[in-house]
Amino acid sequence: MAFQEPPATAGRALPTFSLDLEAVFEHMPVGLTVYDVSPDFRCVRHNARFLSMVGLALQERGSVVGVTLRELFDDRSYRAIRTIFEQVLASRSPYVTNEYAAVMTPGAAPRYYQWSLTPLIDERGAVSSLLAAGIELTDRYRAEAAVQASEAQLRLIADSLPVLISYVDREGRYRFNNRAYELWFGHSRDEITGRTMREVLGDEAYAVLRPHVEAALAGRAASFEAVAPYRDGGTRAIEATYVPDVATGEVRGFAVLVSDITARTRAAAAQQLLLETSALLESSLDYDTTLARVAHLVVPSHADFCIMYLVEEGAVQRVAVAHADPAKEVFLRQIEERYPLDLNGPGPVASVLRGGQPVRGEVDPELLTLLAKDNEHLALLQAIGSRSYVIGPMRAGNRTFGALMIGSAESKRRYDDDDLALVVELARRAAMAIENARLYRMAQEAIRLRDVFFSVAAHELKTPLTALFGHVQLLQRRTARDGTLGERDRRTVEVVVAQAQRMSAMVSGLLDIARLEQGQLSLERAPLDLRALVRRVVEEIQPTLDRHTLLLTLAPEPLVVDGDALRLEQVVHNLLSNAAKYSPMGGAVNVRVDRIGGRACVTVRDEGIGIPQAALPHLFQRFYRATNVSEQVFGGMGVGLYVVHEIVTLHGGSVTVESVEGRGSTFTICLPLLAEGLG
Ligand code: ADP
């Protein structure tokens, strides 16, 4: 096989060393084929490498000598290649193909080649054959395609994640940014990738990130929370992780993962605010100061300023004004005082107060002009620089009695629906607290009026009753002495005395309650021996009892307390009367006066009906009566024990009760003993 140099190199001298061209042809790692110039371009010779490049069916033949160009390729590839063959034949100059795909076995997957086609010129100067030299690039193509596919997959994943993902090189330059960056900054990523973090984020934000960037570049992973600039000019809360790229042993850069935790942070902050507000509101019924403190809770975390309005008798009152800047707070207060809000006037606050619906909006020059009452007012409103506002109604039932407004100014914050929901909830809680305080005040007032009524009624009843009681007792004694009444009339007078006495005791009880409620029950204290006092009361009561025996046990030594003798007698009297009253079958009533620790104690034990367990904790409440006492059998108002408790407490003592229903009760009062010496 003689090789003819192509015309371009024909003038050069041939190499002088001998060359085994046959061996070169056969073993070249390049597919070599010689085609004849017959119309079919038939293969006349090829090397082993070429055979490995042809379709499988032809390969199996072991040789493709004699095979036409047409048979080597599928239709499309054949037409393209044939055009090149014809062109080389006509131009007599070699042709080098670009990399291209060809299908050598019809129906098979395309394979990639790069070819040169060189015309071989014979002695007569005619093209005798064509030498095709080709290399196959399929493997490289496949590898590249696989890399591209996996890159595309990674990019798809990165782009579909709601997290900012980037790669930053040693110079702090973004080398890759996922699509979330475009949404975050509002720029195409081409404008971000290639620029430094500092350029993209700005000096201020970068200053915060810098220590973490340095840590990542020193090979340490960093994870932190920060605030980052956002496309709207505001900021968002982020959680960032930097993962150093140490694949090759040195740090080439780091991967950045950033998630937006604004919603989470805001929800937590809102929850915290609501908790603190509720705690504040619950802490006091004095809502004027409480509301002012609530307003100050809202700034600056959620607002630059906060104002609360209440409608009182048709007029709008500002009950709280807070501003993040104390100087501006004074200023805001002055404007609010100078230009009071008109319930029927224009603007969002008035309309919330009238309609009871929350609103959210942006402040624009038209709104300020609408609100301003004169030019000076307008200038003042402009000076506040408010931007965005949210107003929530304070309501009780269908009545709107106030509004809570938060506004932004310096922070340039723009409120959204989450803020609206928060303000509505804040206003609702404030309204509830105010309403509770109002109801509480009303209840207090009703109680005061009732007590005044009690006291007046009892006083008015007391005077005629005392006269009645005195006179009927007189009548009883006189007729008894003179023996002027028959048995029936004597009994009638007895009943009148007993009932007058009962009524007198009830009125006294009511008077005591009224005095206690108004804090008017004062003690006239003096040292007294409790034993003597109890003995006196026992001796006084015993004759009035026909079915009960009072058994008195006294401590051997005097038990001196600093007490009001009359009031303490009333206490002992009450306990003894109850013991007799609630043991209708009669029996013994044990009365003891002992020293227990440093105290003097009186114990009254009966064997009567006892007290149900459930009633015990309530026994000393006024007007309380246990369920086992029926009105018909045991008359009473539930006042006695309440008065006992109050008197004993005023003495610095205590009263306790033990009882088993059906088995009797034991009441014990204990009073502090006066220091030795004094006794
Ligand atoms: P009143 O006796 O007028 O009902 P008190 O205040 O003296 O009022 O007593 C309150 C209630 O305590 C009584 O209604 C009764 O249920 C119960 N109670 C008081 N003392 C006794 C007692 N010694 N035994 C059983 N129950 C008693």
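Ligands are counted one by one from 1 in listed order, and the atoms in each one are counted from 1 as well. These numbers come from a predicted model, not from an experiment.
- Using modelled atom types and a 3.5 Å distance limit, the side chains of Ser583 and Asp606 yield no donor-acceptor pair.
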With salt bridge (Lys or Arg N to Asp or Glu O under 4.0 Å) as the test, would you mind laying out the steps for Arg266 and Asp416 before giving the verdict? CA-CA 12 Å; Arg266 278 180 64 184; Asp416 58 20; 2.7 Å; yes
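- Checked against the 6.0 Å centroid criterion, the rings of Tyr415 and Tyr389 do not qualify as a close aromatic pair.
- Salt-bridge formation is not detected for the pair Glu445/Arg441: no Lys NZ or Arg NE/NH1/NH2 atom is positioned less than 4.0 Å from an Asp or Glu carboxylate oxygen.
- For the 3.5 Å distance criterion, the side chains of Ser278 and Arg429 qualify, holding a donor opposite an acceptor.
- Atom 17 (C) of ligand 1 has its closest protein heavy atom at Leu619 CD1, 4.0 Å.
- Using cut-offs of 30° and 60° for the angle between ring planes, the Tyr624 and His618 rings count as tilted.
- Lys581 places no side-chain N or O within 3.5 Å of a backbone atom of Gly636 that could act as its donor or acceptor partner.
- Counting only heavy atoms of the protein, atom 10 (C) of ligand 1 lies nearest to Tyr624 O, 3.5 Å.
- In summary, Arg663 and Glu658 do not engage in a salt bridge, as defined by a charged side-chain N under 4.0 Å from a carboxylate O.
- Under a 4.0 Å heavy-atom criterion, Lys581 is in contact with ligand 1.
- Looking at Arg264 and Glu225, a side-chain N of the basic residue comes within less than 4.0 Å of a carboxylate O on the acidic one, giving a salt bridge.
- Looking from atom 8 (O) of ligand 1 to the surrounding protein, the closest heavy atom is Gly638 CA, 3.2 Å.
- For Asn574, the heavy-atom gap to ligand 1 stays at 4.0 angstrom or more.
- For Ser665, every heavy-atom contact with ligand 1 shorter than 4.0 Å involves the side chain, none the backbone.
- Counting heavy atoms closer than 4.0 Å to ligand 1, residue Leu641 contributes atoms from both its backbone and its side chain.
- The distance criterion of under 3.5 Å between nitrogen or oxygen atoms is not met by Val629 with respect to ligand 1.
- Not close to ligand 1: Phe620, with no non-hydrogen atom less than 4.0 angstrom away.
- Salt-bridge formation is detected for the pair Glu410/Lys328: a Lys NZ or Arg NE/NH1/NH2 atom is positioned less than 4.0 Å from an Asp or Glu carboxylate oxygen.
- The nearest protein atom to atom 23 (N) of ligand 1, hydrogens excluded, is given as Asp606 OD2, 2.9 Å; this is a heavy-atom distance.
- Ligand 1 lies within reach of Gly610, whose nearest heavy atom is under 4.0 Å from it.
- For the 3.5 Å distance criterion, the side chains of Thr479 and Asp482 fail to qualify, holding no donor opposite an acceptor.
- Within the listing of ligand 1, atoms 3 (O) sit less than 4.0 angstrom from a heavy atom of Gly636.
- Heavy-atom distances between Phe634 and ligand 1 stay at or above 4.0 Å for every pair.
- For atom 27 (C) of ligand 1, the closest non-hydrogen atom of the protein is Tyr582 CD1, 3.6 Å.
- Atom 7 (O) of ligand 1 has its closest protein heavy atom at Asn578 ND2, 2.8 Å.
- In this structure, Arg525 does not pair ionically with Asp564, as no charged nitrogen and carboxylate oxygen lie closer than 4.0 Å.
- Proximity of Ile611 to ligand 1, defined as any heavy-atom pair under 4.0 Å, is confined to the side chain (atoms from C-beta onward).
- Remark: minimum distance from atom 4 (O) of ligand 1 to any protein heavy atom is reached at Arg625 NE, 2.5 Å.
- Ligand 1 has a nitrogen or oxygen under 3.5 angstrom from a nitrogen or oxygen of Ala626.
- By the criterion of a heavy-atom distance under 4.0 Å, the backbone of Met637, and not its side chain, is placed next to ligand 1.
- Residue Val639 approaches ligand 1 through these ligand atoms, each under 4.0 Å from one of its heavy atoms: 6 (O), 8 (O).
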